[in-house]
Amino acid sequence: MLSRRDFLKLGSVTAVTATATACSVVGREVAQRDLPESLSVPTPESGGTAVNPIWRILNRAGYGPRPGDLERVTAMGMAAYVDEQLNPDAIDDPAADLIERNLSLYHMDIGQLTAQEEKDAARELIGSTIARALYSKKQLYEAMVEFWSDHFNIYLRKNQFMPFLKIIDDRDVIRPHALGKFRDLLTASAHSAAMLVYLDNVRNSKESPNENYARELMELHTLGVHAGYTQQDVQELARILTGWGVRPRGLREGRVFLNENRHDFGEKKFLDRTFPAGRGQEEIDEALDLLAAHPATAVFIATKLVRRFVADDPPASLVERVAQTFRDTDGDIKAMLRLIFLSDEFAAAPLKLKRPFTYMISALRAINTDLGRSRQIGRWLEMLGQPIFLWPTPDGYPDTSDAWAANLLPRWNFALNLVHNQIPRATPPLEKLVEVGGVDTVDGILDLFSGLVNGRSLDSETQNLFTAYVGNGPISQPETRQRLQDAVALMIASPTFQWT
Amino acid sequence: MQTQTFCDEYAQVSRRGFLASGLQSAAALLFGNQIAALPDWMPRFALADPHVGPRGDTLVCIFLRGGADGLNIVVPHGDETYYQKRPTIGIPRPDDNSAEVRTVDLDGFFGLHPALAPLAEIYRAGDMAFIHATGSPDETRSHFEAMDLMERGAVTGDYSGWLARHLATLDTGNESALRAVGVGDMLQASLTGAVSATALQSIAEYHLQGQDERVGEMQALLQALYAQNEDILTRAANQTMAAIEMLGGIDTEGGTGNGRVYPERDFGQALQMVAHLIKADVGVEVACVDVGGWDTHVAQGSVEGVMARNLDDVGQGLAAFYEDLGPQMDSVTVVVMSEFGRRVQENGGLGTDHGHGNMMMAMGGGINGGKVFANWPGLHDEQLDGPGDLAITTDYRDVLGSIIQNRLNNPRLTDIFPNYTVNDLGLALPNS
């Protein structure tokens, strides 16, 4: 925890490095101070092989534990942790506050934004997302920001304005509503210039209709593809959405509005309901209401949430209960999440492969890595296969284990490069961890890092493999130290750390 | 010793994999469930069981990113309007004695930019064909939209790439970890969904990055860790180890043996890497290579300049590749494409703006070469598309489809290009 004095000191650091990214300011100052005074070292007796639900929630509803997190959350208990995370505004989170304050483009309006360089916008968006995942204590909130950023996917390279528009979308759509009501989130997204440009509704007019947004609004944002709607419904929704766009010359202004000259004022029939002629904005609102309240939407959103947090093949019983909660609470995201995390299905969830972004951030967090302004982090994300905000198609990055299983070598090499200090400005304080952990033997060090990386001690077979690799030399020997570093990297490269 | 352990392990897993997929196919027959038919590490396209058949050619798919100016690559020197609309940047006629460097004639109407002269020899040998006034129906003239559409090979619906669907619909019995290779640090969109595709930046760098003297031991330890539980990562780890193993055995020092060297810039090096993979016979069926630098809005040059330098790499690179592989070119097909062509009229900045129709190239022993396939739409204003662009008279899917069907032995064109009927151009000779 930062003291008020430290916090003020951070503030002054910020001022002199105004051009640095969020990462660079927060990294050194926060990461080192956050280390607990002591670290628990698991012993073989204390570690079972079953994955415990607290370990699971730290890895799935967040980006993996930092040193000390497992102990803290175990002490407070699952229910209290879920409550804490579902009320992010009450979490004392100086690192996130600092990141927030250090953002510069995020505080601009579209007119100011478009006067900036696109690459600066992309850098601030991506850099701050990485920094928040890495440092924020509002871990579930950040995980939900990622979830909705996939659900309402927007591709940064769609055109040269997209980095600016996506900053606004992140700021005004995703983040304010990530734990709110689904209807509000959907409405905000439908008012997002980034979305209307990305899915071509800006080209949708009565003379030349474009179905792209209408189709994805049903297929990917609300009902799901198997909900039983027809091509006719797609066309009718597209008609309802004609003229809903961004001012043609105003792309730089970025204001979303209904261009009545382009709007089709005729009668429509959408999802078995007649939309009378002569209406504009009201019929768009009515269509969004209809979609948000549709029973298929409750099931579709419930299924995706359960897939993300519980299992690739979502258990039907839980999906049903979550969908019921959606209907009972008018799409209250917190209520659905509470149900999921406290369910028996979550407690008994099968393993799920970490997506590359989670893999990377959880590796950095596990060994308390201090991340500066590292350009290579972005390159590593690309090599790992999940450069954030760069999934071109509107379905978002895949969310099943099999989609991500093929690209292991970059994961292994990321771990090796990280632990061996080969990633500029990403510095894991290994010596410091060993010191705080109070261990001074090969076995002790292996146990310490197994605790940090795996949340438990190594099973005896694995312990033997690692001990054989490191050897029995004194830890003062350079060869032994090198091999211990390899061992830490290989723990992060191992299958145990790929799964949650 | 490590190698030995690893090979046995791999063989076991392969056998297990083979048996398992046999069982799953049986299950699919019983239950008619398409998804259950695929092993769980396979991409889950909603496709029927794959066509089973022998491997065809290795396909090398080269994408010129940025919208390459096809009119200055395969020059329609027989069309007078070309010279009217390109007074400065036009490539002089083959018989223009006032110019020192001129178009290299191909068939009396079309010719090659002089930087591509090495390709004319391959063309005359019958192993290279050009296609003109081709492209995708995308009308946005947006790089991203056009690339996206072209690489997906579909207008709506399926988010996978056309090459991924080709691989998923053709079971050649090839279990190589290197069946599909994308050169670069991210897989090309055409390979999106091809889960077993490998993104490869360099053969020499595809290995564990650690101290040389300990890398073998580390690899063995990883191997042991991944063998502890049988799951999808076990297979993936084995594939990765196999790829490391295979790539580690490739001699990347060897030259072309024919005196022609690969250009030093990225494209030449990428082609050389692909040639190494093909010669090493490591199971590559598809390789994707990207070349950037084609978005020539200003000062693109004519017989010299920015674009000529890029073309020089393409010409020298493809010629080096052709000579390097020699007789093996009988089972290799190279295709060159770009997301769109450029405006016919040169602009005030002596460049060209985003256009529509373009050229494509196809090279290989199985290509019906020595021809330019074109139904030329003409360059008069009224013959142009949209704001003044070459019209498209041959869909790019006809070019790719002809190659897939005849050279890659895959008849499943409707899965690869949904909602499109491929018209076989006679561009590729049936593989026999």
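Hydrogens, waters and symmetry mates play no part in the numbers below; they use all other heavy atoms, side chains included. Every chain is numbered from 1, with letters handed out A, B, ... down the list of sequences.
- Inter-residue side-chain proximity for B/Asn229 and A/Pro495 is flagged as unmet; no heavy-atom pair is nearer than 4.5 Å.
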Take A/Met491 and B/Leu225, measure what side-chain contact (heavy atoms from CB on, under 4.5 Å) needs, and give me the verdict at the end. CA-CA 9 Å; A/Met491 284 182 196; B/Leu225 292 170; over 6 Å; no

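- Counting only heavy atoms from C-beta outward, the side chains of B/Gln209 and A/Trp412 never approach each other to under 4.5 Å.
- In this structure, A/Arg483 and B/Glu217 have side chains that are in contact, with non-hydrogen atoms separated by less than 4.5 Å.
- The structure places CD of A/Gln482 at 6.0 Å from CD of B/Gln211, a figure rounded to the nearest 0.5 Å.
- Contact of A/Ser401 with chain B is made through backbone and side chain together, with heavy-atom distances under 4.5 Å.
- Contacts between B/Leu233 and chain A at a heavy-atom distance below 4.5 Å involve backbone atoms as well as side-chain atoms.
- Once rounded to the nearest 0.5 Å, the distance linking CD1 of B/Ile232 with CG of A/Asp312 reads 7.5 Å.
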Dump the intermediate steps for side-chain contact (heavy atoms from CB on, under 4.5 Å) on A/Thr496 and B/Gln228, then the final yes or no. CA-CA 10 Å; A/Thr496 315; B/Gln228 285 179 332; 5.7 Å; no

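- For A/Asn210, the CG atom sits in a packed shell: over 12 heavy atoms of surrounding residues, nucleotides or ligands are nearer than 6.0 Å.
- If you measure heavy-atom distances from A/Leu351 to chain B, you find no contacts under 4.5 Å at all.
- Using a 4.5 Å cut-off between heavy atoms, B/Asp231 touches chain A through its side chain atoms alone.
- For chain B, the option among A/Arg203, A/His420, A/Glu461 with the highest count of heavy-atom pairs below 4.5 Å is A/Glu461.
- With a threshold of 4.5 angstrom between heavy atoms, A/Gln485 does not approach chain B through any atom at all.
- How far CG of B/Leu222 is from OG of A/Ser494: 8.0 Å, rounded to the nearest 0.5 Å.
- Summarising the local packing, CD of A/Gln231 is surrounded by more than 12 heavy atoms from other residues, nucleotides or ligands at distances under 6.0 Å.
- Panel note: side chain A/Asn413, backbone B/His207; a donor-acceptor pair is recorded below 3.5 Å.
- Heavy atoms only, all atoms of each residue included: A/Leu409 and B/Thr240 are closest at CB-CG2, 3.7 Å.
- To the nearest 0.5 Å, the span separating CG on A/Asp486 from CZ on B/Arg214 amounts to 4.0 Å.
- Contacts of B/Leu221 with chain A are made by side-chain atoms alone, with heavy-atom separations under 4.5 Å and no backbone atom involved.
- Listed here is the closest heavy atom pair of B/Tyr226 and A/Ala493: OH-O, 2.6 Å.
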